[in-house]
Amino acid sequence: MTTTTHVNKAVIPAAGFGTRFLPATKAQAKEMMPIVDKPVIQYIVEEAVAAGIDDILIITGYTKRSIEDHFDRQFELEQALIETGKDKELAEVVGLASLANIHFVRQGERLGLGHAIAVARNHVGDNPFVVMLGDEFMAPRTNLLTEMIQTHSQYGRSVLALQEVAEDEISRYGCAKPERISDRLIQILDIVEKPQPSEAPSNLAVMGRYVFTPEIFDKLEQVQPGVGGEIQLTDAIAMLLADQAVYGVTFDGGRYDTGTVPAYLETIVELALERESLREEFGDFLIEALQRHGRL
Ligand code: UTP
C-alpha cells in the first residue's frame, strides 16, 4: 500500500438496486441508463478524469456486468466499425477503454452507501480519495470536483459538495450545519441525514461528491447498521467531524440527477437541448408536444 497526499483515486458506488427505476433495473444497471447517447456512468468517469483522477474503482454487483463491458475493448464491434468506415464511432468506443485505470469490485451484500464505500478500503489504502455517486453527474462548467480537490490540498481534510435546496426538499438529503469561511467555502459543524424541514440546521444539502481522508474507513467500520442493515455514510461523516475538521464547497447549478424517473427525464431533456445537433428539431418537438398536451 502506498500513501500519497495527491488525490488521484475515485470510488464510484454503483451497486444499488435502483428500486425507484423498476422494472427497468431488474436485469440492468441504473448507472448504464442512457442520457441521450451515453450511459450515466460514462459522464461520471469523464467528470473524474477532467479533475485529474486516473484511478477509478467502481463498486458493482449482480446485474452490473454491462458497466465492465462498457469500459472494455470490444473487438468484434471494432472490426465491424473498421469495415464500415465508421471512424468517429470507432475512436469513441476504443477510447472508452483508456479513459483511466478502471477497476471493479463487487459489494456482495447491498448494505447501503456507507458499506459500498467501505468495500473500497483495500484498493484505496491510506490515501485521500474521491467518492462520486453513480446516479448523478456535474456539468463540466461547474469545475466542482477540481475545486473540492484543491480545497482538500489546502486544508488536508475531507470536503463535501453542498447545494442550497428549497426548504421542503431538505428531507431528501444529508444536511450540513455550516460555519461560513468564505463565499463558497464552509466548515461543517454537524451533519444530519434527511431532517424534517423544521429540524434542519440549514438549507445546505450534501450532494453526491466527496473528497475523504482515509480515516473515513475507520468510522465506516464503527457505524451501527440502521434500517435494513444499511450502513449510512452520513453517520460515518458525523463521527469523522468529531475528530477532524470537514469542509464543504457550495455550488449553484449544473447538477444532473438520474436517480428518480422525473429527475432522469429532466436530465435527458436538458442534455438533448445542450447538443447543438439536436437542439432545433428536438426543441420544436417539445413545443409541439406541450401544445398537444395542453401545457402551452
Ligand atoms: P441510491 O440509494 O440513490 O441508489 O444510492 P439505489 O439504492 O440504487 O436506488 P433506489 O433507492 O433503490 O432507487 C446512491 C448510489 O449508491 C449506490 C447506488 O448504486 C447509487 O449509485 N449504492 C447504494 C451502492 O453501491 N450500494 C448500496 O448498498 C446502496
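Values reported hereafter were calculated over all heavy atoms of this structure, with side chains retained and with hydrogens, waters and symmetry mates removed. All residue numbers refer to positions in the sequence shown, counting from 1. Order of appearance sets the numbers: ligands from 1, and atoms from 1 within every ligand.
- Within the structure, no pair that satisfies the salt bridge (charged side-chain N to carboxylate O under 4.0 Å, His left out) test touches residues 89-111, not counting sequence neighbours.
- A salt bridge does not link Arg172 to Asp257: none of the charged nitrogens lies less than 4.0 Å from a carboxylate oxygen.
- Pairing each heavy atom of Arg209 with each of Leu145, the nearest pair is CD-CD1, 4.3 Å.
- Taking both residues in full, the closest heavy atoms of Thr213 and Phe129 are given as O-CE2, 4.3 Å, listed atom of the first, atom of the second, then distance.
- Protein residues with a heavy atom closer than 4.0 Å to ligand 1 are Pro13, Ala14, Ala15, Gly16, Phe17, Gly18, Thr19, Arg20, Lys30, Glu31, Gln107, Arg110, Leu111, Gly112, Leu113, Ala116, Gly134, Asp135, listed by chain and number.
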Please report the C-alpha distance between Phe217 and Val124 in whole Å, then the side-chain angles of each, then the deciding distance to 0.1 Å, and finally whether the side chain to side chain contact (heavy atoms under 4.5 Å, CB included) criterion is met. CA-CA 10 Å; Phe217 289 121; Val124 169; 3.8 Å; yes
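- With ring centers used as reference points, Tyr43 lies 6.0 Å or more from Tyr256.
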